[in-house]
Each structure stands twice: as C-alpha cells, then as structure tokens.
Amino acid sequence: MANQRSLAPSRAVIRDLYVPVLTPFDERGAISGRALARHCEWIMGNGARGVMLFGTTGEGPSIGVAEKLDAIRALSVAQPDLPVIAAVMQAALPEAIACIRGYNEFPLVGILVLPPFFFRDADPAGITDFLATAAAASDHPVLAYHIPSLAPEVPLDVAAIPGVWGVKDSGGDLGYTKAALAAGNAVMVGAENTIPAAMLAGAAGTIAGMANLMPVELAAVCAAARAGDLADAEARLKPVLQLRDQMMAGAPGMEWIAAMKAIATHRHGIDLGGVRTPLRGTDDYLTAEIRRSVGAASE
C-alpha cells in the first residue's frame, strides 16, 4: 500500500521543470557533495521545481549504489526541503532492487527506473515484469525511463502497474508521448524541442538536461506552455535549442556531458569537475559562439 499512498501527492509535485543534474566529481574522482549541493541550489534559485539525480546527464550507469546513497544522504542534510527524483540505472534486477530499497530511506518525490539497457531486444512483457518488480519494491512513485536510443522501449501499458507514476519520455517522438498519455500515463519529457507541444498535449512538464545551463529560460517555457501559449513557449525555447546545438556540434557522441559540465562551471563558477570513465572530455568546449550564447542568457 505504500506505493499507492505516495503516488497521489506526487501527481501534483512532479510537474513543470525538473533538472537531471550533472554529477560533480572532485580531483580524486569521487562525487563532490559540496559542488552537487551548490549546483542544485543554483538550479532551484533559477526557476526549477526539483531535481533528478543520477540519470543520463548525471552519468548514472557509472555510479555505484553505495555512492548514490551517500550522495543523497549528504544532499538531504545540505538541502532538506529539496524535491528529488533519484534514478535507478542498474541493469541487474537484484542490484536495481538494492538501489530502490536504499532510496526508500529518503523522502524522495519519486524514482526513475531504466529498463535493463543491455537487453535491447527483450520481449516487452519482460520489460514490464522488470518495471513491475521495481515498483513493488519502492515506497516512492516510479517513473519508467523511455530512452530508446540507449535502452529498451517502455511499454505503453506501464500505467497499469501499481505504484507507477508514468513515463519519463526522452525519445523525442511526440507520437509516443501522446500514446503514453492516452494509455493513462503521466509524462515528463526529456527532449527540449518537444516541451511546448508535449505540455499542450497533456504532459506534466520536463526533465531537461539543458536546464543545467538555462533553468530560467526552460522554467519560462514550461510556464508559457502551461498557460496554453504555444507561440510564446516556442519563442522562449529558441535560445535553449541554439546553445544545445552549438554544444552538440563540438561534443560528439556522449561527450556532450563533459561539455555541459564545462559550460555550467563557466556559467555559475561552481567547479563540476570532469567525467568518469568511460566518458572522455577535452578543454575546447567554451568556443566564442558558446560564450556569446551563455553571456546572452546571463543578461
């Protein structure tokens, strides 16, 4: 019954702008709790409703369960009222359950569960079973993570699983978003370019990586979309997409995570460090073009 009790209030809490925060690492390669708390404070002070830890942007598959729990524990002391969704990115079901049980110790607003990413061709019924087992272990509402570029698709029937809030849809396909909504799921979208149309279609909001760099702008996009003003939302989104495209052009593959850390550090002065192996980064991300875009966002 814990799943059912905690599901109802989070329907209202999980909405508008949540930020899948970058995970700062110190010079030893450990998570920097101080930098994480300061980065979250900056995000929340610039319009976000909450944060999500250890997702794709947060290098979740590279972070162990014990590290995640230690980081959440420290963050909950530094910012006890911070609304947090925590991601489960472990592909082995026993480890995923261990992570969920660890998360049950904290007053999270939800958890995000990624289907086991290695098994791209798994039967959809098997993915449903994985998510149902995860939801049964959780004291918090579960968001099923749909990111078909990296993991199996989330079946549309997950809304029928007790304890599942809905879907975090990072597929960038508005057709899937609408189908997920029609199937009874709540939805938070991840692809920035889909935010206005998705929210007008009924999505609750977004969990958008670019909010690590431009939270004010993306909060305004959500507000305009919630007000039903598609033109205003799309106009406010343009500088976000411009910076995103500039960043991606100089950061092939998943190097964009390193680029985003460098740009965020430049933006607010909080050292977010480098990325964890197997990801790599360079020192060449702060081009004149990107500096101009960031400068315009700061005005």
Legend entry - Donor-acceptor contact present, side-chain Asn212 to main-chain Pro20, <3.5 Å: yes

Inset, instruction - Output the distance between atom CE (Met214) and atom CD1 (Ile43), rounded to the nearest 0.5 Å. - result: 14.0 Å

Inset, instruction - Output yes when a side-chain donor or acceptor of Thr128 lies under 3.5 Å from a complementary backbone atom of Pro124, and no otherwise. - result: yes

Inset, instruction - Tell me whether Tyr285 is reachable from Met247 by hopping between hydrophobic residues (I, L, V, M, F, W, Y) whose side-chain heavy atoms are closer than 4.5 Å. - result: no

Legend entry - Polar side-chain atom of Arg15 near backbone of Ala204 as donor-acceptor pair, under 3.5 Å: no

Legend entry - Note, Tyr18 side chain near Pro83 side chain (heavy atom, < 4.5 Å): yes

Legend entry - Nearest non-hydrogen partners of Phe130 and Ala91, listed with the distance: CE1-O, 3.7 Å

Inset, instruction - Verify, without hydrogens or angle tests, whether Glu67 (side chain) and Gly64 (backbone) share a donor-acceptor contact under 3.5 angstrom. - result: yes

Legend entry - CD1 on Ile161 to CG on Leu131, rounded to 0.5 Å: 5.5 Å

Inset, instruction - Apply ring pair (Phe, Tyr, Trp, His ring centres under 6.0 Å) to the pair His140 and Tyr103, showing each step before the final yes or no. - result: CA-CA 9 Å; His140 305 298; Tyr103 287 164; 8.2 Å; no

Legend entry - Cys40 backbone acceptor or donor facing Gln79 side chain under 3.5 Å: no

Inset, instruction - Given side-chain contact (heavy atoms from CB on, under 4.5 Å), test Lys68 with Gln90 step by step and report yes or no. - result: CA-CA 12 Å; Lys68 291 176 179 178; Gln90 283 67 28; 3.2 Å; yes

Inset, instruction - Please examine the side chains of Thr133 and Ile97, heavy atoms only from C-beta on, and report whether any two atoms are closer than 4.5 Å. - result: yes

Legend entry - CZ/Arg280: more than 12 non-hydrogen atoms of other groups inside 6.0 Å: no

Legend entry - Heavy-atom side-chain contact between Leu272 and Phe25 under 4.5 Å: no

Inset, instruction - Start with the C-alpha distance between Glu105 and Arg73, add both sets of side-chain angles, then the distance that settles side-chain contact (heavy atoms from CB on, under 4.5 Å), and finish with yes or no. - result: CA-CA 9 Å; Glu105 299 176 14; Arg73 188 171 294 109; 3.6 Å; yes

Legend entry - Donor-acceptor contact present, side-chain Asn46 to main-chain Trp42, <3.5 Å: yes

Inset, instruction - To the nearest 0.5 angstrom, please state how far the CG atom of Asp26 sits from the CG atom of Asp271. - result: 9.5 Å

Legend entry - Residue pair Val84 / Val109, side-chain heavy-atom distance below 4.5 Å: no

Legend entry - Reported OG1-to-CE distance for the pair Thr206 and Met188, which is rounded to 0.5 angstrom: 6.5 Å

Legend entry - Expected output: side-chain Arg276 to main-chain Gly29 donor-acceptor under 3.5 Å: yes

Inset, instruction - For the pair Lys261 and Glu59, find out whether any cationic side-chain nitrogen is under 4.0 Å from an anionic carboxylate oxygen. - result: yes

Legend entry - CG (Asp245) with more than 12 external heavy atoms under 6.0 Å: yes

Inset, instruction - May I ask you to decide if Ala159's main-chain N or O and Asn185's side chain share a donor-acceptor pair within less than 3.5 Å? - result: yes

Legend entry - Criterion side-chain contact (heavy atoms from CB on, under 4.5 Å) against Leu36, the qualifying member of Val21, Thr23, Ile72: Val21

Legend entry - Side-chain heavy-atom pair Phe119, Ile127 within 4.5 angstrom cut-off: no

Inset, instruction - Treat each ILVMFWY residue as a node, draw an edge where side-chain heavy atoms are under 4.5 Å apart, and state whether Val158 and Leu93 are in one component. - result: yes

Legend entry - Considering all heavy atoms, the nearest Pro196-Val221 contact: CG-CG1, 4.2 Å

Legend entry - Donor-acceptor contact present, side-chain Asp169 to main-chain Val189, <3.5 Å: no

Legend entry - Shared hydrophobic cluster, Leu230 / Leu17 (ILVMFWY, side-chain heavy atoms < 4.5 Å): no

Inset, instruction - Using the rule that two of Ile, Leu, Val, Met, Phe, Trp, Tyr join whenever any of their side-chain heavy atoms come within less than 4.5 Å, decide whether Leu286 and Leu22 are in one cluster. - result: yes

Inset, instruction - To the nearest 0.5 Å, tell me how far Ser62 OG sits from Phe54 CZ. - result: 12.0 Å

Inset, instruction - Assess the side chains of Ser293 and Gln242: does a donor N or O sit below 3.5 Å from an acceptor N or O? - result: yes

Inset, instruction - Could you tell me whether the side chains of Tyr176 and Glu153 share a donor-acceptor contact shorter than 3.5 Å? - result: no

Inset, instruction - Could you tell me which non-hydrogen atom of Met89 sits nearest to which non-hydrogen atom of Gly55, and how far apart they are? - result: CE-C, 3.8 Å

Legend entry - Carboxylate-amine/guanidinium proximity below 4.0 Å for Glu217 and Lys238: no

Inset, instruction - Without swapping roles, check the side chain of Ser170 against the backbone of Ile147 for a donor-acceptor pair under 3.5 Å. - result: no

Legend entry - Cluster check Leu174, Leu156: I/L/V/M/F/W/Y, side chain < 4.5 angstrom: no

Inset, instruction - Could you tell me the separation between the OG1 atom of Thr56 and the CE atom of Met52, rounded to the nearest 0.5 Å? - result: 6.5 Å

Inset, instruction - Give the intermediate values and the outcome of side-chain contact (heavy atoms from CB on, under 4.5 Å) for residues Met44 and Leu82. - result: CA-CA 8 Å; Met44 295 299 293; Leu82 178 66; 3.4 Å; yes

Inset, instruction - Would you please test Asn193 and Arg244 for side-chain contact (heavy atoms from CB on, under 4.5 Å) and show each step? - result: CA-CA 10 Å; Asn193 59 293; Arg244 184 195 66 178; 3.5 Å; yes

